[in-house]
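Written out below as structure tokens is the structure these notes cover.
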Amino acid sequence: MKKLVIGLLIFFSYVFIIGFFFTNKMMYIKKKTDKELIDRDTNFGLFNQREYEELEKRHFSIPSKFGYNIKGSLIAPYQHNRYMIICHGVTVNRLNSVKYMNLFLQKGWNVVIYDHRRHGESGGKTTSYGHYEKFDLQSVVHWLKTEVDDSILLGIHGESMGAVTTLLYAGMVEDGADFYIADCPFSELEAQLLFRLKVEFKIPSVFIMPIAKPFVKLRDRYTIQEVSPLNAVQNITNPVLFIHSKDDDYIPAEMSKQLYQQKKGAKKLFIAENGSHAMSYTTNREEYSNVVDEFLKEIGL
């Protein structure tokens with residue numbers, strides 16, 4: 001009997017430790033500082049502190065349906081109705097979106113950049129890899145259309161988790177933009193977690209995932225299986241441009257290929273020759289810019 005009790009204690013201790021360790025890594029993933037983001041993109045020639053500070057910006061704060069505020073900035077130098085919303089990835093904030101903001105400003109688009117929940121200046125206690133973030137994106141879209149005009153021509157660009165958020169929004173909440181650009185998204189959260197477990201921890205998933213799934217549901221009120229761009233993309237009617245670096249070792253390029261294959265209707269796929277994760281634009285700037293132009297031309301914009 002004593003051995004049974006000890007065995008059960010060991011088992012439940014293992015479950016508790018693994019469950020909390022794994023979900024803490026997910027929910028409270030370490031974020032980069034503003035200085036890290038600014039220094040990185042300044043070194044790449046993609047961020048100019050003085051130009052960014054002098055840029056006329058309208059800062060906004062809008063309520064999330066989950067009880068916190070979403071903070072962002074509207075940069076609208078043009079009088080026409082073309083707008084882009086930029087969604088950043090995990091661990092970064094809207095400063096990471098400045099390089100894409102500059103790209104689309106140069107192409108004649110007004111731009112919204114904002115902080116996802118638990119990032120930058122926005123509220124929210126946890127990161128959910130697109131699950132809750134997709135509803136916050138909806139709030140940003142509705143705010144923009146209310147503030148400007150419901151008939152604006154709208155595009156949404158997302159990088160990494162921002163790309164996942166974009167696809168989940170378009171395929172599960174509302175197809176509320178005229179087109180989407182999804183840069184290096186994962187196809188399914190479970191598949192991405194399994195891949196990272198193999199790479200980072202060298203631990204068979206059978207020892208982790210059966211514990212992690214109920215802990216995510218218990219602690220953050222959603223299921224890992226719900227975060228599936230692969231399922232969502234089937235419901236997206238409007239055009240999508242998928243972008244991924246061939247040598248991305250964090251989220252495999254194969255995932256964007258799967259999403260591209262699953263998408264019905266107007267779509268385009270660009271696999272960049274150079275760059276690691278979320279570096280397709282940084283290391284392939286001319287090609288990246290050209291493929292965006294080609295995509296917009298192909299869909300008549």
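One is the number of the first residue; the rest follow in order along the sequence. These values consider heavy atoms only, across backbone and side chains, with no hydrogens, waters or symmetry-generated copies. Nothing here was measured: the structure is a model prediction, and the numbers come from that model.
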Check: Is Arg94 paired with Asp115 through a side-chain N to carboxylate O contact shorter than 4.0 Å?
Finding: yes
Margin query: Treating Gln258 as the side-chain partner and Phe186 as the backbone partner, does any N or O pair qualify as donor plus acceptor under 3.5 Å?
Written below: no
Next item on the list: Check the side chains of Lys107 and Ser289 for a donor-acceptor pair under 3.5 angstrom, ignoring hydrogens and angles.
Entry: yes
Note to self: If the condition is side chain to side chain contact (heavy atoms under 4.5 Å, CB included), which residues does Ala278 pass it with, not counting sequence neighbours?
What the structure shows: Glu159, Cys184
Note to self: Against Tyr288, only a single residue in Thr282, Thr283, Asp183, Asp293 fulfils side chain to side chain donor-acceptor pair (under 3.5 Å); can you say which?
What the structure shows: Asp183
Margin query: Would you say that Tyr114 contacts Val140 through its side chain, given a criterion of any heavy-atom pair below 4.5 Å between the two side chains?
Written below: yes
Item checked: Hydrophobic cluster identity match, Ile243 and Ile236, side-chain contacts under 4.5 Å -> no
Checklist line | Side-chain donor/acceptor of Tyr281 to backbone N/O of Leu103, under 3.5 Å | finding: no
Notebook entry, point to check: Leu269, Val240: one ILVMFWY side-chain cluster at the under-4.5 Å cut-off?
Noted result: yes
Margin query: Taking the basic N atoms (NZ, or NE/NH1/NH2) and the acidic carboxylate oxygens, is any pair closer than 4.0 Å for Arg40 and Glu36?
Written below: no
Check: Has the side chain of Asn284 got a donor or acceptor atom that lies under 3.5 Å from a matching backbone atom of Ala272?
Finding: no
Item checked: Ion pair Asp41/Lys99, N-O distance below 4.0 Å -> yes
Notebook entry, point to check: Distance only, no hydrogens: is a donor on one side chain within 3.5 Å (strictly under) of an acceptor on the other, for Asn231 and Ser228?
Noted result: yes
Notebook entry, point to check: Do Thr126 and Arg219 get their side chains close enough for a donor-acceptor pair, meaning under 3.5 Å?
Noted result: no
Note to self: Checking side-chain polar atoms at under 3.5 Å, does Asp136 have a donor or acceptor matched by the opposite partner on Tyr169?
What the structure shows: no
Note to self: Can you list, by chain and residue number, the hydrophobic cluster partners of Leu218 when the side-chain cut-off is 4.5 Å?
What the structure shows: none
Check: To the nearest 0.5 Å, how far apart are CD in Glu133 and NE2 in His88?
Finding: 9.0 Å
Check: Any luck finding a side-chain donor-acceptor pair between Ser160 and His277 under 3.5 Å?
Finding: yes
Next item on the list: Spell out, as yes or no, whether a donor-acceptor pair under 3.5 Å connects the side chain of Thr165 to the backbone of Lys134.
Entry: no
Item checked: Under 3.5 Å: donor-acceptor pair, side chain of Tyr180, backbone of Ala177 -> yes
Note to self: Under a 3.5 Å cutoff, is there a donor and acceptor pairing between the side chains of Ser151 and Asp149?
What the structure shows: yes
Next item on the list: Provide the full list of ring-ring contact (aromatic ring centres under 6.0 Å, His included) pairs with a residue in residues 44-64, sequence neighbours left out, each pair given once.
Entry: Phe47-Tyr52, Phe60-Trp143
Checklist line | Residue pair Asn93 / His119, side-chain donor-acceptor N/O under 3.5 Å | finding: no
Next item on the list: Check whether NZ of the Lys or CZ of the Arg Lys65 lies under 6.0 Å from the centre of the six-membered ring of Phe135 and within 45 degrees of that ring's axis.
Entry: yes
Notebook entry, point to check: Judged by atom type as modelled, is there a donor-acceptor pair below 3.5 Å linking the side chain of Lys267 to the main-chain atoms of Tyr260?
Noted result: yes
Check: Under a 4.5 Å side-chain heavy-atom rule over Ile, Leu, Val, Met, Phe, Trp and Tyr, are Met279 and Met255 clustered together?
Finding: no
